[in-house]
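All values reported here derive from a predicted model rather than from experimental measurement. What you see below is based on every heavy atom in this structure, not just the backbone, and it leaves out hydrogens, waters and symmetry mates. Chain letters run A, B, ... following the sequence lines, proteins first and then strands; every chain starts at 1.
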Amino acid sequence: MASLKDLRNRIASVKATQKITKAMQMVAAAKLRRAQEAAESARPYAERMEGVLANLGRVYKSSENASPYLIGTGKDQVHLLVVATAERGLCGGFNTNIVKIAKLEIKRLIKTGKTVQILCVGSKGYDQLKGEYSNYIVGQISYKELKAMNYAKAQEVADAVTEKFDSGEVDVVKLYYSEFQSVISQVPTELQLIPASFDEEDAADDADVSYDYEPGEEQILEELLPRNLTTQIFRGLLENAASEQGARMSAMDNATRNAGDMIDRLTLQYNRSRQAQITKELIEIISGAEAL
Amino acid sequence: MAETFKFELVSPERLLISADVKSVLVPGDEGDFVVLANHAPMMSVLRPGLLVLDGADGEKSYYVNGGFSDMGPSGLTILAEHAADCADLKGDALQAEKTSASEMVDTAEGDAAKRHAAERVACLEAIN
């Protein structure tokens with residue numbers, strides 16, 4: 001049985017921890033709002049881009065000299081997996097969930113005899129993957145120094161991807177990130193970047209209009225596809241940023257609540273032992289008096 | 001009063017402006033062009049330069065770098081890789097932009113890239 005002093009110390013230490021988790025939760029809430037705003041303001045660009053691409057892409061998908069970004073290299077041997085995670089921990093299962101679906105895919109690819117390359121964005125994913133798959137990791141991009149995700153970072157990731165793709169090193173590129181749905185729900189997602197995938201339905205609304213292109217349609221498409229890659233990566237990273245804060249917020253909320261429960265339990269235990277000690281002292285005094 | 005149409009300027013980070021305007025001067029890759037209401041649908045790649053719009057509250061200019069314009073039935077949309085209001089672009093921000101532009105001149109490969117870089121520098125010089 002712990003002494004009263006031990007219990008008092010424990011209560012004080014749990015209270016201190018609770019203060020920290022509470023503060024972290026509030027910081028995460030503030031950051032989440034900012035991340036969500038950023039994700040929302042990036043949406044119009046991404047949507048327009050997708051619409052235009054879907055329009056052009058549908059026509060050119062079947063053409064013979066279509067860009068490899070659109071139809072792939074014709075091979076399916078080397079897969080590059082871009083695993084985007086957070087730079088910090090203490091956010092529940094956020095990083096683990098992303099890494100988990102990436103690992104599933106890695107195992108599947110290895111089993112079917114494909115070559116796997118992994119590009120880690122954010123150090124947490126790298127930490128989790130380096131144990132098992134260090135041979136496959138071809139690069140790591142960190143964004144620790146950034147206060148908020150920006151387009152330049154997405155460009156850096158995209159440049160790394162295009163460099164590999166243009167040199168013919170990889171055939172298929174996939175991005176792993178977490179889609180933000182709400183504070184309590186972040187869905188780890190796989191998105192195929194190359195060959196480009198897009199909703200055919202997006203194109204439907206102005207498909208009948210005949211456009212003038214300047215320069216030619218193919219040049220525009222050629223220009224657009226790498227840009228679309230960056231946009232998609234940027235979107236994924238922004239979603240990730242919002243998800244990370246959401247996950248951290250709910251993890252810290254849980255931690256704060258747990259600490260509260262723990263304090264209640266310890267306080268009860270403390271009061272009981274205090275009471276027991278008083279009773280014991282009283283009995284000692286009374287029985288001492290009776291003996292006289 | 002001249003007819004107006006819907007104009008939107010978006011960069012990857014945010015929507016810069018969404019307004020009804022009378023005309024927009026767009027720095028197209030093959031030369032500047034002005035878009036008025038009821039323009040035929042067209043799509044064009046942009047070069048770095050100034051975008052001037054004539055809207056309800058007078059002329060306003062924006063600096064855009066890369067991207068493309070999409071004139072559709074619903075209006076004109078400019079998707080710029082990088083865009084900024086010229087009024088905001090001064091001091092440090094302008095200086096940083098100039099530095100990156102002159103770096104671009106040094107590292108550019110190929111005629112088109114060199115031309116773009118040079119135009120970007122010229123355009124930035126003109127703002128000041």
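With respect to chain A, the highest number of heavy-atom pairs below 4.5 Å among R14(B), M71(B), M43(B), H82(B) belongs to M43(B). The greatest number of non-hydrogen atom pairs below 4.5 Å with chain A, out of V45(B), L15(B), T77(B), is found for V45(B). The choice from L224(A), T231(A), T230(A) that makes the most heavy-atom pairs within less than 4.5 Å of chain B is L224(A).
E13(B) places no side-chain N or O within 3.5 Å of a backbone atom of A42(A) that could act as its donor or acceptor partner.
In this structure, chain B has a heavy atom under 4.5 Å from the side chain of F234(A), while its backbone stays farther away. Residue M149(A): no heavy atom, backbone or side chain, is found under 4.5 Å from chain B. Residue S69(B) does not touch chain A at all, counting heavy-atom pairs closer than 4.5 Å. In this structure, chain B has no heavy atom under 4.5 Å from any part of L238(A). Both the backbone and the side chain of E81(B) have a heavy atom closer than 4.5 Å to some heavy atom of chain A. For chain B, the nearby part of Q155(A) is the side chain; its heavy atoms alone come within less than 4.5 Å.
The structure places OG of S44(B) at 12.0 Å from OH of Y213(A), a figure rounded to the nearest 0.5 Å. The line from CG of D29(B) to CD of E223(A) is 7.0 Å long, rounded to the nearest 0.5 Å.
No more than 12 heavy atoms of other residues, nucleotides or ligands sit less than 6.0 Å from atom CD of E163(A).
Contact between Y45(A) and V10(B) at its shortest, heavy atoms only, is CD1-O, 3.7 Å.
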Verdict with supporting geometry, R48(A) and F68(B), side chain to side chain contact (heavy atoms under 4.5 Å, CB included):
CA-CA 11 Å; R48(A) 298 274 147 64; F68(B) 62 97; over 6 Å; no
